Amino acid sequence: MLDNAYRTLESVQSVELEDETLITQVASEHFYGLDDVSTHIWQSMDGTKTVRQICGELCQTFEVNPEQCQSEVLEFIQSLLDGQLIEAV
């Protein structure tokens, strides 16, 4: 999964607020709030960056342990997949 790239689905909309990003799956009308780290991950999922590359960026930007970063990013990505907000490319 670390070498997979993901992108947001066309049916998902997001809006950035002052200190968080709100995303919604239009069909389900569920809303999700993202903090600054989650927002960084969300914005990085353009279909070209692998999870490993995103984790590398996060480790440099937020000074986090690589193993912990990978574990938490994979968990977050799984929740986005479960919510039908992203897809693998």
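Model, not experiment: these values are computed from the prediction.
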Which atoms form the tightest heavy-atom contact between [X] and [Y], and what is the distance?
{"X": "I77", "Y": "M45", "answer": "CG1-SD, 4.3 Å"}
{"X": "H30", "Y": "T24", "answer": "O-OG1, 2.8 Å"}
{"X": "A5", "Y": "G47", "answer": "CB-O, 3.6 Å"}
{"X": "C59", "Y": "C69", "answer": "SG-CB, 3.9 Å"}

Residue list, side-chain hydrogen bond (donor to acceptor under 3.5 Å, both in side chains) with [X], at least two apart or on another chain:
{"X": "E20", "result": "none"}
{"X": "D35", "result": "S38"}
{"X": "Q70", "result": "none"}
{"X": "S11", "result": "Q25"}

**OP:** Quick one: which residue pairs count as a salt bridge (charged side-chain N to carboxylate O under 4.0 Å, His left out) with a foot in residues 37-50, not counting sequence neighbours?
**Re:**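 Applying salt bridge (charged side-chain N to carboxylate O under 4.0 Å, His left out) to every pair that reaches into residues 37-50, excluding sequence neighbours, yields K49-E57.
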Subject >> Check: S71 side chain, Q68 main-chain N or O, donor-acceptor pair, under 3.5 Å >> reply: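 No; zero donor-acceptor contacts below 3.5 Å.
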Under the side chain to side chain contact (heavy atoms under 4.5 Å, CB included) rule, collect the residues that match up with [X], sequence neighbours excluded.
{"X": "D36", "value": "F62"}
{"X": "T50", "value": "R52, Q53"}
{"X": "T21", "value": "S14, E16, I23, L34, T39"}

Original post:
Residues sharing V15's hydrophobic cluster, by side-chain heavy-atom contacts under 4.5 Å among ILVMFWY, directly or via others?
Top reply: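 Listed partners: L17, L22.
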**OP:** Please go through F31's hydrophobic cluster and name the other residues, only I, L, V, M, F, W, Y counting, with side-chain heavy atoms under 4.5 Å joining them.
**Re:**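 For F31, no cluster forms, as it stays isolated from other hydrophobic side chains.
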Subject >> Name of the residue among V51, V73, I54 meeting side chain to side chain contact (heavy atoms under 4.5 Å, CB included) with L2 >> reply: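 Of the listed residues V51, V73, I54, the side chain to side chain contact (heavy atoms under 4.5 Å, CB included) partner of L2 is V51.
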**OP:** Give a yes or no on whether V64 and W42 share a hydrophobic cluster (residues Ile, Leu, Val, Met, Phe, Trp, Tyr; joining criterion: side-chain heavy atoms under 4.5 Å apart).
**Re:**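 Shared cluster, no.
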In residues 80-89, what donor-acceptor pairs under 3.5 Å come from side-chain atoms, sequence neighbours left out?
{"from": "D82", "atom 1": "OD1", "to": "Q78", "atom 2": "NE2", "distance (Å)": "2.9"}
{"from": "E87", "atom 1": "OE2", "to": "R7", "atom 2": "NE", "distance (Å)": "2.8"}
{"from": "E87", "atom 1": "OE2", "to": "R7", "atom 2": "NH2", "distance (Å)": "3.1"}

